[in-house]
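Scroll down for the structure; my scribbles are underneath it.
Scope of the values below: all heavy atoms of this structure, side chains included, with no hydrogens, waters or symmetry mates. Residue numbers start from 1 in every chain, and the chains themselves are labelled A, B, ... in the order their sequence lines are given, proteins ahead of strands.
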Protein chains: 2
Amino acid sequence: MGCWQRGLTESGMSIVWGAMSSEKQSTESAWLLAAERDVQERLGDSEFDFASLDAISNLYRAAAAIRRRAEGEVLAPYSLSFGAFTILWVLWIWDDMETAQLAQECNLAKGTLTGMLNTLEKRGLVERNRMEADMRRMMVCLTSEGRSTITEVFPKFNSFEGEMSNGLTLAEKAQLADLLRRVTKNAQ
Amino acid sequence: MGCWQRGLTESGMSIVWGAMSSEKQSTESAWLLAAERDVQERLGDSEFDFASLDAISNLYRAAAAIRRRAEGEVLAPYSLSFGAFTILWVLWIWDDMETAQLAQECNLAKGTLTGMLNTLEKRGLVERNRMEADMRRMMVCLTSEGRSTITEVFPKFNSFEGEMSNGLTLAEKAQLADLLRRVTKNAQ
DNA sequence: CAAAACTAGTTCGGTACCGAACGAATATGG
DNA sequence: CCATATTCGTTCGGTACCGAACTAGTTTTG
C-alpha cells in the first residue's frame, strides 16, 4: 500500500523504463499497472497529459509525506513546525533578514510569518528590531538560544534528508534537485 | 529572485552536471554559486549531506509553489482547496471509498478528512453512507453534482500540471515521477 | 511642504491540517 | 456469552497558513 499519488495513479511510468536508472522498477510496476489501468479507463486514455499528472501528483505526495515525518520525528522534540525550522535555518545562514524577504525565502505569506515570528520571539529564539533608516522595516535575527537550537537540530534534519533520499545515487539526487528547480521556476 | 530552496541553498548541483540533461544549467548555475558559497561557508563544507539537502529542500519548495498556484488559479474559481480537489479526484476514479482509505489516499489525517467531507457534503458534492455490514464504516461517494464538478475541473488542473512541468521532456517527467516515488517510499 | 501614492508589517476571518482523546460498533477469547 | 481489545469515524484543541483589509512610516509630486 501507499504508493499511490493523488490517490492512485502510477500511470505513465511504463513509457520510459529504458531511461530509468533503478533496477527494481519491474518489481514495482507489476501491481502499479492495475491502478494505471483504472485511471486510464476512467479518464479515457487519450486527451490527458499523464506524464505531467504523474510527475506533479507524485511531487505533492512526496512533499506531504516528508513534511509529516520531519515534523513528527525530527522537529517535534524541539517543538518546531516545518515552517519554524525553515525560518531558523534561513536566519542561521544569512545572520539576519528583513521580514518581507524572509517570508519569500521561507515560502510563507507575510501574514503567516508575523504569527510565527511572534511565537518564535516569545520562545526566545528570534529577535525583531526596527531599522533606524526606515522605521517600517523590521530586521529579524536569531538569539543565541535560537542559534544553538538550529545548530543542534540541523544535523539531525540533514541526516533525515539523507534517509529520505536513501537509495538514490548522488547523480540522481542532483537530477531530482534540478528537475524540481525547473518545476519551481515554472510555478513562479 | 526565487530560485532558493529552504531559503537559499543551491549547493551540490555542480557535482554532477555531466549527468544532467538540460542545457541551460550553466546559465543558472552562475549566480546560484553565490548562494552555494554562503551555505558552504556557514556549514563548513564537509560533514553535511548537501546532495540530499538540495533534493529534499527543492522538493518542499516546489510542492508549496505548485499548491499555491493551483489553489489560486485553477481551484479558486470552484472554491476548492487542494485537499478538497484531491478528495473529489480520488472518488471520481474509484467511484466510492471508505473514509479511512480515502484519508490515506489523499494524504490526510482522518480527523482532517472528517471536516473536509462535512464541507463537501454541505455543498452537495459528496455523500456519506454507513455500510450495512459494519455500521462503523462509512462509504463516501460523489453526488452527480460532485461528479460534474470534478469532470469540469480536472482537465484544467491537468493542463495546469502540464504548464508546471513545461520544459521537461517526457523522459524527464517520468524520471521525476520515479525519483519522487522512491522518496515517498522512504518516507512511509 | 502638504496631499497622494507607495511600501512594510500587522491584524483579521477563515480554512486546512494535525494528533490525541473519545464513543460507538465489532471482533476475540475465556 | 460477557468482558476486553480492536477498529471505525468524529470531536477537540491548537498551530499553520492564506488573502484581504488595515496601519503607519516613507517617497513622490504639484
Side-chain angles (χ1 to χ4, degrees), chain A residues 60-61 63-88 96-123 125-140, chain B residues 60-61 63-73 75-88 97-104 106-123 126-140:
Chain A
Y60 185 67
R61 180 167 201 79
I66 283 182
R67 183 196 172 111
R68 211 178 3 254
R69 279 210 40 184
E71 288 187 338
E73 293 172 24
V74 185
L75 271 18
Y78 300 90
S79 304
L80 291 174
S81 67
F82 200 89
F85 167 77
T86 306
I87 293 170
L88 297 184
D96 54 11
M97 193 172 279
E98 292 180 45
T99 303
Q101 192 188 352
L102 185 56
Q104 193 187 342
E105 300 296 336
C106 295
N107 245 324
L108 294 172
K110 48 188 193 157
T112 303
L113 184 61
T114 297
M116 296 180 69
L117 286 179
N118 287 340
T119 305
L120 290 172
E121 203 175 26
K122 253 172 234 151
R123 290 178 53 188
L125 300 177
V126 307
E127 207 179 283
R128 271 189 278 208
N129 298 296
R130 293 209 171 275
M131 294 175 70
E132 313 227 331
D134 185 340
M135 293 300 279
R136 290 169 303 183
R137 297 185 174 178
M138 200 68 109
M139 210 64 176
V140 189
Chain B
Y60 186 67
R61 181 166 201 82
I66 284 182
R67 183 195 174 114
R68 211 180 2 256
R69 279 210 39 184
E71 288 188 337
E73 292 172 25
L75 272 17
Y78 301 89
S79 304
L80 292 174
S81 67
F82 201 90
F85 166 78
T86 306
I87 292 170
L88 297 184
M97 192 173 277
E98 294 180 43
T99 304
Q101 192 188 352
L102 185 56
Q104 193 186 343
C106 296
N107 244 324
L108 294 172
K110 49 189 191 156
T112 304
L113 184 60
T114 297
M116 296 179 70
L117 286 179
N118 287 342
T119 305
L120 290 172
E121 202 174 28
K122 253 173 236 152
R123 290 179 53 188
V126 307
E127 208 178 280
R128 271 188 279 208
N129 298 296
R130 293 208 170 277
M131 295 174 69
E132 313 225 333
D134 184 340
M135 293 298 280
R136 290 170 301 183
R137 297 186 176 179
M138 201 67 110
M139 210 63 176
V140 189

Per-nucleotide protein contact string for nucleotides 11-22 of chain D, where B marks a base within reach and S marks sugar-phosphate only (heavy atoms under 4.0 Å, - for neither): B----SBBS---

Does L125(A) reach the side chain of I87(A), with side-chain heavy atoms less than 4.5 Å apart? no

Tell me the interatomic distance from R130(A), atom CZ, to dG9(C), atom P, rounded to whole angstroms. 8 Å

Listing time: all N or O pairs from protein to nucleotides 4-6 of chain D that are below 3.5 Å?
none

Please give, in whole Å, the distance from dG9(D) C1' to E98(B) CD? 11 Å

Can you check whether R128(A) has a side-chain N or O nearer than 4.0 Å to OP1 or OP2 of dT10(C)? yes

Q104(B) CD to dT7(D) C1', straight-line distance once rounded to whole Å: 15 Å

Does the side chain of C106(B) come within less than 4.5 Å of M116(B)'s, by heavy atoms? no

Within this structure, what is the CE-to-P distance between M131(A) and dT26(D), rounded to whole angstrom? 11 Å

Side chain proximity check, V126(B) to L88(B), heavy atoms < 4.5 angstrom: yes

Which residue lies toward the 5' end of DNA chain C, A133(B) or M139(A), if each is placed at its nearest nucleotide? M139(A)

Taking only residues two or more places apart in sequence or in another chain, which ones pass salt bridge (Lys or Arg N to Asp or Glu O under 4.0 Å) with D134(B)? R136(B), R137(B)

Roughly how far, to the nearest 0.5 Å, is OG of S79(A) from CD of E71(A)? 11.5 Å

Inter-residue atom distance Q101(A).CD - M139(A).CE, 0.5 Å rounding: 8.0 Å

Taking atom C1' of dC8(D) as reference, at what distance in whole Å does atom CG of L102(B) sit? 14 Å

Identify the two heavy atoms, one from R128(B) and one from T114(B), that lie closest to each other, and give their separation to 0.1 Å. NH1-O, 3.9 Å

How long is the straight-line distance from CG of N107(A) back to CZ of R68(B), given to the nearest 0.5 Å? 5.0 Å

How close or far is atom P of dA8(C) from atom CG of N129(A), stated in whole angstroms? 18 Å

Examine distances only and state if a side-chain atom of R61(B) and a backbone atom of E105(A) form a donor-acceptor pair shorter than 3.5 Å. yes

Could you state the atom-to-atom distance from CZ of R137(B) to C1' of dT26(C) in whole Å? 10 Å

